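Take a look at the structure set out below.
What you see below is based on every heavy atom in this structure, not just the backbone, and it leaves out hydrogens, waters and symmetry mates. Computed from a predicted structure; not experimentally measured. Residue numbers begin at 1 in each chain, while the letters A, B, ... track the order of the sequences.
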Protein chains: 2
Amino acid sequence: MPQRQAFPKPSHDHERCIAKAMDAARQACASQGAQFTELRRQVLEIVWGSHAPIGAYEILSALTKNGRRPAPPTVYRALDFLLAHGLAHRIESKNAYVGCTHRHEDDRHSQFLICRACGQAVEVRDFALSQAIQQLAKNSGFAIEDQMVELAGLCPTCKGKDAHAS
Amino acid sequence: MPQRQAFPKPSHDHERCIAKAMDAARQACASQGAQFTELRRQVLEIVWGSHAPIGAYEILSALTKNGRRPAPPTVYRALDFLLAHGLAHRIESKNAYVGCTHRHEDDRHSQFLICRACGQAVEVRDFALSQAIQQLAKNSGFAIEDQMVELAGLCPTCKGKDAHAS
DNA sequence: ACATGAATGTTATAATATAACATATTGGTT
DNA sequence: AACCAATATGTTATATTATAACATTCATGT
């Protein structure tokens, strides 16, 4: 049976999503004694505002529209902060960034389903998959510190459209 | 019980490894009607010659020592060919390339264990992990076309050294 | 007010990758 | 052999992604 909807419905209120994420981020930073500065907030908001993983230079452009025009290091530093605090993730296969949609307490490892048609990247945490990874590491005597799992293909919606096309 | 040695022993005869890989590549290309040209052979040899994933510009430098000095597109095209024919893999998290150590017939998906200390990246194919990925996709209604699994950490050898240090 | 560390600004450049077009090589056909 | 078409390689320029190094500003506690 399909688990809970991994890909968000197009109908959902994304503005509300963003607002919630900002609130959660503010709280998370507060509880960690980390500074959720205006710049970091803006970058996170821009990242969340994109339906697909967004590149660092795209973020730069978006910041420009707010009247600022920071240099690349400014954005990369903000991104580093967001990654370090589990507020965003980097999609290695796209050199791009997404807002984190999970609470990362103990472990910080997710998997991503990335649609090649609509560009959306959805974060999932699959227990069986995590188990399999742990087991593989154990069998190999390998001590995992970080893991990247990115699955590319077609999301349910785009898969449907694809069938109609051609 | 640990499965067969994933990380090669330092003692193994790597020259022999390379020679075997070149032979296999030649045969694979022949059977596919693909041209295993001298340039492609050289690039594959260089990739295999590196104990760790090697970047495109490093390959360029290595080629220079052979008297040539091609421009970047030459190397990227050779790499594209090698990737397309399953003779090499790209390590997304390092923007680098490794020789393929498996026969890819039906599916072309592997996982990589990447040691942060010695830099080695070992290709593995874990059935349970593949199963978990397939199941996850099925549960989400997602049609996987490509997958990237890169696990970073410490290989058995470096893990041992690490314990002694500090 | 002042000292300190964290955050941001600024300038320059490194590292990775591709577009566009020219030339050469290969393999089959006449 | 001469030719054609397809494939492969060469060449020039530039796009994209990322970081080093140092200057300035800001936040916080005393």
Side-chain angles (χ1 to χ4, degrees), chain A residues 25-26 29-30 32-47 50 52-64 66-85 87-98 119 121 148 150, chain B residues 25-26 29-47 50 52-64 66-85 87-98 119 148 150:
Chain A
R26 189 168 9 251
C29 287
Q32 293 176 52
Q35 297 183 44
F36 193 54
T37 65
E38 174 59 13
L39 172 68
R40 289 163 177 173
R41 195 199 58 72
Q42 280 186 26
V43 170
L44 184 58
E45 191 172 66
I46 289 164
V47 168
S50 170
I54 184 173
Y57 281 75
E58 239 185 302
I59 295 172
L60 262 176
S61 300
L63 280 174
T64 302
N66 286 3
R68 326 187 44 127
R69 175 59 188 191
T74 300
V75 162
Y76 280 104
R77 281 186 296 225
L79 285 170
D80 284 347
F81 173 89
L82 297 174
L83 297 180
H85 290 80
L87 303 175
H89 296 285
R90 175 176 163 85
I91 305 297
E92 294 291 343
S93 59
K94 305 194 72 163
N95 297 336
Y97 306 83
V98 292
M148 283 139 291
E150 300 176 11
Chain B
R26 188 168 11 251
C29 287
S31 76
Q32 293 176 52
Q35 298 183 42
F36 193 55
T37 65
E38 175 59 14
L39 172 68
R40 289 164 177 174
R41 195 198 59 71
Q42 281 186 25
V43 170
L44 184 58
E45 191 172 64
I46 290 164
V47 168
S50 169
I54 184 173
Y57 281 75
E58 240 185 302
I59 295 171
L60 262 176
S61 300
L63 280 174
T64 302
N66 286 2
R68 325 186 46 126
R69 176 57 189 190
T74 299
V75 163
Y76 280 104
R77 281 187 296 225
L79 285 170
D80 284 347
F81 173 89
L82 297 174
L83 297 180
H85 291 79
L87 303 174
H89 295 286
R90 175 176 164 84
I91 305 296
E92 295 290 344
S93 59
K94 305 194 70 164
N95 296 336
Y97 305 82
V98 292
M148 189 212 85
E150 298 177 10

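Residue A:T74 places none of its side-chain N or O atoms closer than 4.0 Å to OP1 or OP2 of C:dT8. Between A:R40 and the phosphate of C:dT8, there is a side-chain N or O to OP1/OP2 separation shorter than 4.0 Å. The phosphate of C:dA6 has neither OP1 nor OP2 within less than 4.0 Å of any side-chain N or O from A:Q35. Distances shorter than 4.0 Å separate some side-chain N or O of B:T37 from OP1 or OP2 on D:dT9. When the side-chain nitrogen and oxygen atoms of B:R68 are compared with OP1 and OP2 of D:dG10, one or more of them lie within a distance under 4.0 Å.
The nearest whole Å value for the distance from the CD atom in A:Q42 to the C1' atom in C:dA7 is 15 Å. Rounded to a whole Å, the CG atom of B:L63 is 13 Å from the C1' atom of D:dT9. The distance from atom CG of A:L60 to atom P of D:dA15 is 17 Å, rounded to the nearest whole Å. Remark: C1' of D:dA27 and CD of A:E38 are 15 Å apart, rounded to the nearest angstrom. Separating the CZ atom of A:R69 from the C1' atom of C:dT10 is a distance of 13 Å, rounded to the nearest angstrom. Between the CZ atom of A:F36 and the C1' atom of D:dA27 there is a distance of 17 Å, given to the nearest Å. Between A:L39 atom CG and D:dC26 atom P there is a gap of 13 Å when expressed in whole angstrom units. To the nearest angstrom, C1' of C:dA7 lies 17 Å from CZ of A:R41.
To the nearest 0.5 Å, atom SG of residue B:C29 and atom CG of residue B:L87 are 5.0 Å apart. Taking OH of B:Y97 as the reference point, atom CG of B:L82 lies at 10.5 Å (rounded to 0.5 Å). Between the CD1 atom in B:I59 and the CD1 atom in B:I54 there is a gap of 5.0 Å [rounded to 0.5 Å].
For the side chain to side chain contact (heavy atoms under 4.5 Å, CB included) with A:L63, the lone residue among A:Q42, A:R69, A:E58 that qualifies is A:Q42. The side-chain hydrogen bond (donor to acceptor under 3.5 Å, both in side chains) test with A:E92 is passed by exactly one of A:K94, A:H89, A:R90: A:R90.
Side-chain contact check for A:L44 versus A:F36: some heavy-atom pair is nearer than 4.5 Å.
Side chain of B:S61 to main chain of B:Y57: a donor-acceptor pair is present (N/O by atom type, distance under 3.5 Å, no hydrogens or angles).
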**Message:** I'd like to compare against my own output: the B/S/- annotation of nucleotides 15-24 of chain C with a strict under-4.0 Å heavy-atom distance to protein.
**Reply:** -BBBB-----

